[in-house]
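Residue numbering restarts at 1 for every chain, and letters A, B, ... go by the order of the sequence lines.
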2 protein chains.
Amino acid sequence: MVFNSRDYIPNLSYDAVIFGFSAEKLKILILEYHNTGTFALPGGFVRRDESLETAVNKGLSERTGIDQIYLEQFHTFGSLERSDPTIMRRIFEAQGISSDDDWVLDRFLTVGYYALINYEKVNPTPDVFSDSIGWYDFDALPKLMQDHSLIVGRAIEHLRANLDRKLLSFNLLPEFFTMKDLQLVYESILGEPQNRANFQRKMLSLDILERHEKRFSGGSHKAPFLYSFKK
Amino acid sequence: MVFNSRDYIPNLSYDAVIFGFSAEKLKILILEYHNTGTFALPGGFVRRDESLETAVNKGLSERTGIDQIYLEQFHTFGSLERSDPTIMRRIFEAQGISSDDDWVLDRFLTVGYYALINYEKVNPTPDVFSDSIGWYDFDALPKLMQDHSLIVGRAIEHLRANLDRKLLSFNLLPEFFTMKDLQLVYESILGEPQNRANFQRKMLSLDILERHEKRFSGGSHKAPFLYSFKK
DNA sequence: TTAATATTGTTTCTGTATGAAACAATAGTA
DNA sequence: TACTATTGTTTCATACAGAAACAATATTAA
């Protein structure tokens, strides 16, 4: 595998915090470089002949197998300390990737994006630099390389601030879900419990949910309605 | 004047929407390239040996004469269409600036910032590319080059969304001001009138204002109190 | 068949915030 | 001294949010 630096915008990358929801927990996709013990956010570079948006969409589509991911740009990180040629050299050597020059070892600024996706539809696929990619509980992440932990922190801040305003939660759920599912998504993102009665009242008052038949889970109690988001 | 491309991060710039408030109106600083009839946002490039934040702070400090400007990064623009080598070449030639290569004519991504400053303290200073810089009413801006109008639009959106949450309004006002002044700032940013009684009640309930002696303006009516923001 | 239990759906009560209007105070002018 | 314009405050009605209680129901156990 050979990178040709002339095809890419130098000194600029993007990194994505990809959120999913499963087993009542908020998760994010993390890459692992097995031979280096390094964990990182999925990211990539921008070709000279494509827009930033296109680069990110294409890259994340390759990582997840999903097209038309909900994506939000939230911050561009440009400190001097964030670049670390040593670790980049190790990763490249471990993967047997060569470049026609040392452009990847140079300083990089990175544009941070977060994405919300339906966990069930994802087919996680490692990129050319890494051996594996997988879901990690948001509240039990491994130590991430460079400033990627900071990037995750800023991502969740922006997600929290926009959760209501942009009605983002449905991107994390399958088509049909119960009110409890929805509440769990909110609670896992906001990091605090929500009052059940008030949450239900608020969601119904938004007039964005369609109520369907009940789901009989087998539990010895009243069965919850299923909902979907209005199109 | 000669730029040395090796000192700068290529293909990356920043542009700033600098808000001020005067004569009951919201204004922004706009550069003009006299010999080209082109208007633009103040902006600049990032040196390889300085952080993005440092570059922006330094650049805006040079344009306004103010240090420690309140600055907020809000979006990075990376479309293919936003670059226009023709106009860049004209501007450079008109100003007699030469570069050791054509790096400024290449594609650029730009990081958008907005700034809020005390109008009275500003000493507007053109940059090396432009002949003049001045305040323009926010609701009567000239046609701006490239995608700068779009950048302004996104800036005001973010400013509106953060006005309350981050208590930004005081950055636009002098140390002492009346409740009416404050309300005018809010109205000019939000673009809609606020109820006088409720606005006053809300501001006072925030517990961020210190009340001082009255200001006798000479009008034949009750004199308003002066306020300052609590430190 | 019936009682028990866990969970869901809804209502009620309460305090707080918000919008609209009225009232009160006052610095200057006629 | 009356009048006017503006500011400071209060009042009233309404909407919203937190907490708790009540009602409904799917299953299990007696």
Side-chain angles (χ1 to χ4, degrees), chain A residues 23-24 160-167 169-170 173-230, chain B residues 23-25 160-167 169-170 173-174 176-230:
Chain A
E24 308 194 347
R160 278 176 186 151
N162 290 316
L163 189 57
D164 271 325
R165 204 162 53 75
K166 300 193 176 179
L167 299 172
S169 47
F170 75 93
L173 286 168
E175 187 177 359
F176 296 100
F177 51 87
T178 66
M179 191 60 77
K180 174 140 207 169
D181 294 334
L182 186 57
Q183 186 174 341
L184 283 168
V185 167
Y186 264 76
E187 290 178 338
S188 66
I189 292 174
L190 299 176
E192 58 188 21
Q194 304 290 112
N195 180 286
R196 189 178 61 87
N198 299 332
F199 182 82
Q200 175 134 338
R201 181 172 52 189
K202 183 178 157 190
M203 286 299 133
L204 293 179
S205 76
L206 291 176
D207 198 37
I208 53 165
L209 295 179
E210 211 152 346
R211 180 178 280 186
H212 303 277
E213 76 286 1
K214 294 182 176 180
R215 179 168 73 191
F216 298 88
S217 62
S220 59
H221 52 74
K222 187 171 179 177
F225 289 109
L226 284 174
Y227 294 89
S228 67
F229 284 93
K230 285 185 181 171
Chain B
E24 309 194 347
K25 291 221 171 192
R160 279 176 185 152
N162 290 316
L163 188 57
D164 271 324
R165 204 163 52 75
K166 299 193 177 178
L167 300 173
S169 45
F170 74 92
L173 287 168
F176 295 99
F177 51 88
T178 65
M179 192 59 77
K180 174 141 206 169
D181 294 333
L182 186 57
Q183 186 174 342
L184 283 168
V185 167
Y186 263 76
E187 290 178 338
S188 65
I189 291 174
L190 298 176
E192 58 188 21
Q194 304 290 112
N195 181 286
R196 190 178 59 88
N198 299 331
F199 181 83
Q200 175 135 336
R201 179 171 53 189
K202 184 177 156 190
M203 286 300 132
L204 293 179
S205 75
L206 291 176
D207 198 37
I208 53 166
L209 295 180
E210 212 154 345
R211 180 179 280 186
H212 303 277
E213 76 285 4
K214 293 183 176 181
R215 178 169 73 192
F216 297 89
S217 62
S220 60
H221 52 74
K222 188 171 180 177
F225 289 109
L226 284 175
Y227 294 90
S228 67
F229 284 93
K230 285 186 181 170

Worksheet item: More than 12 heavy atoms of other residues, nucleotides or ligands under 6.0 Å from CD of A/Glu24: is that the case?
Response: no

Fill in: Residue pairs involving residues 178-204 of chain A (criterion ring-ring contact (aromatic ring centres under 6.0 Å, His included); sequence neighbours excluded)
A/Tyr186-A/Phe199

Worksheet item: Can you name the residues that form a salt bridge (Lys or Arg N to Asp or Glu O under 4.0 Å) with A/Lys180, not counting sequence neighbours?
Response: none

Discussion item. Using a 4.0 Å heavy-atom cut-off to protein, can you give one letter per nucleotide of nucleotides 6-13 of chain C, 5' to 3': B if the base is in contact, S if only the sugar-phosphate is, - if neither?
Written reply: BBBBBBB-

Discussion item. I need the minimum non-hydrogen distance between A/Leu163 and A/Ser169, along with the two atoms involved.
Written reply: CD1-N, 4.1 Å

Rounded to whole angstroms, how far apart are [atom1] on [X] and [atom2] on [N]?
{"X": "A/Asp164", "N": "D/dC16", "atom1": "CG", "atom2": "P", "value": "14 Å"}
{"X": "B/Lys202", "N": "C/dA20", "atom1": "NZ", "atom2": "C1'", "value": "16 Å"}
{"X": "A/Met203", "N": "D/dA17", "atom1": "CE", "atom2": "P", "value": "11 Å"}
{"X": "A/Phe199", "N": "D/dC16", "atom1": "CZ", "atom2": "C1'", "value": "16 Å"}

Worksheet item: Tell me, which pairs form a salt bridge (charged side-chain N to carboxylate O under 4.0 Å, His left out) where one or both residues lie in residues 189-200 of chain B, sequence neighbours left out?
Response: none

Discussion item. Could you measure the distance from the OG1 atom of A/Thr178 to the CG atom of A/Leu184? Nearest 0.5 Å is fine.
Written reply: 7.5 Å

Discussion item. Within this structure, what is the CG-OG distance for the pair B/Asn198 and B/Ser205, rounded to the nearest 0.5 Å?
Written reply: 10.5 Å

Worksheet, complete the sentence: Taken in chain and number order and not counting sequence neighbours, the residues that satisfy ring pair (Phe, Tyr, Trp, His ring centres under 6.0 Å) with B/Phe170 are B/Phe229

Worksheet item: What bend angle does the helix from C/dT1-D/dA30 to C/dA30-D/dT1 show across its length, from five-pair end axes and to the nearest 10 degrees?
Response: 30°

